[in-house]
Engineer: 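Below: one structure in C-alpha cells.
Remember, predicted model here, so these are calculated numbers, not experimental data.
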Amino acid sequence: DVEEEDGDDGNDAGLLIQAISDSIERCNERYLENLMRQNLDSSGLPDNIQDEIRREVQLQLESKVEMTLEAVVDAAMSDEDGDGSELVRKFRDCRGMPDGKAFRSRVQDFCASVVNSEEVTQEIEPLVGLLITYAVQNFQQGDGGGQSGGSGQKERVHISRSGSIDIRMD
C-alpha cells in the first residue's frame, strides 16, 4: 500500500505538470492571438513581416512565461509564502487534487493568471508596440513606393534575448 501511495504522489505531480504544460500552451496561443489581432491588424505591414513579428513575440512570450512559471513553482515548493503571491496560492491550490473537472479548471485559471500576469504583460506588450513601430518605419523607408510584385525584398525581424531588435532585408 505504501508503494501505491508513493506512486500516486508521483502520478499526481506528473498529472499536474502535464496539465500545466497543456494549459499554458493554450493560454499562450490565446493571449498571442488577441495581442496580435489588437496590434497587427491595423499596422499595414505585409503578411511576411507580420509573421516574423508574431514568431519573435511568441518566442519572447514563451520564454517569459517559462521564467515566471519557474519562479512561482520554486516559491510554492519552498516554505516561503511567496510574498503572498496570488500565483503561488493558485499553484498550491492545484496540487494534490485528483484529475477531474475541478482540477482542470484550477489549472486553467492558474495558467491564465500566469500568462496575463504583470510579470509577463509588462514585458511583452511594450515589445509588440516597439516591434511594430520599428517595422513600420523601416518598411516605409525601404519601400519607397517600390514594387508591389513578389520580387521585392523581404524583411526579417529578429529580437535577441537581451532585447535588441534587428530587421534584415533579404
Engineer: I'd like to check Leu45 versus Ile53 (side-chain heavy atoms, cut-off strictly below 4.5 Å). Are they in contact?
Structural biologist: yes

Engineer: Please assess Asn34 against Gln38 for the test side-chain hydrogen bond (donor to acceptor under 3.5 Å, both in side chains), listing each intermediate value before the final yes or no.
Structural biologist: CA-CA 6 Å; Asn34 289 335; Gln38 292 169 2; 5.8 Å; no

Engineer: Residues two or more places apart in sequence or in another chain: which of them pass side-chain contact (heavy atoms from CB on, under 4.5 Å) with Arg104?
Structural biologist: Leu15, Ala19, Asp99

Engineer: Taking side-chain contact (heavy atoms from CB on, under 4.5 Å) as the criterion, tell me which of Ile24, Leu69, Leu16 meets it with Phe110.
Structural biologist: Leu69

Engineer: What is the distance from atom CG of Leu87 to atom OG of Ser113, rounded to the nearest 0.5 Å?
Structural biologist: 6.0 Å

Engineer: Atom CG of Leu40 and atom CD of Glu33: how far apart are they, to the nearest 0.5 Å?
Structural biologist: 10.0 Å

Engineer: Can you give me the closest heavy-atom contact between Ser78 and Arg92, atom names plus distance?
Structural biologist: O-NH2, 3.4 Å

Engineer: State yes or no: do Met67 and Val115 share one hydrophobic cluster built from I, L, V, M, F, W and Y residues joined by side-chain heavy-atom distances below 4.5 Å, directly or via other members?
Structural biologist: no

Engineer: I want to check something: taking the side chain as every heavy atom from C-beta on, are Glu125 and Leu35 in contact at a cut-off of under 4.5 Å?
Structural biologist: yes

Engineer: Is the closest side-chain heavy-atom distance between Thr133 and Gln137 below 4.5 Å?
Structural biologist: yes

Engineer: Quick test of your reading of the model: are Arg26 and Glu29 salt-bridged, counting only N-O distances below 4.0 Å?
Structural biologist: no

Engineer: To the nearest 0.5 Å, what is the distance between OG (Ser43) and CD1 (Ile49)?
Structural biologist: 8.5 Å

Engineer: If the condition is side-chain contact (heavy atoms from CB on, under 4.5 Å), which residues does Ser105 pass it with, not counting sequence neighbours?
Structural biologist: none

Engineer: Enter the distance from Thr68:OG1 to Glu119:CD here, rounded to the nearest 0.5 Å.
Structural biologist: 5.5 Å

Engineer: Verify the distance criterion only: is there a donor paired with an acceptor across the side chains of Gln60 and Glu56 at less than 3.5 Å?
Structural biologist: no

Engineer: Do Gln18 and Asp22 have side chains that approach each other closer than 4.5 Å (heavy atoms only, starting at C-beta)?
Structural biologist: yes

Engineer: Answer yes or no: is there a donor N or O on one side and an acceptor on the other, between the side chain of Asn138 and the main chain of Tyr134, under 3.5 Å?
Structural biologist: no

Engineer: Salt bridge (Lys or Arg N to Asp or Glu O under 4.0 Å) with Asp51: which residues, sequence neighbours excluded?
Structural biologist: none

Engineer: Between atom CD of Glu123 and atom NZ of Lys64, what is the distance when rounded to the nearest 0.5 Å?
Structural biologist: 4.5 Å

Engineer: Please find the pair of heavy atoms, one from Phe91 and one from Ala76, that lie closest to each other, and give the distance.
Structural biologist: CD2-CB, 3.3 Å

Engineer: Using the rule that two of Ile, Leu, Val, Met, Phe, Trp, Tyr join whenever any of their side-chain heavy atoms come within less than 4.5 Å, decide whether Ile17 and Val114 are in one cluster.
Structural biologist: no

Engineer: If you measure from OG on Ser23 to CZ on Arg106, what distance do you get to the nearest 0.5 Å?
Structural biologist: 14.5 Å

Engineer: Are any non-hydrogen side-chain atoms of Tyr31 and Thr121 less than 4.5 angstrom apart?
Structural biologist: yes

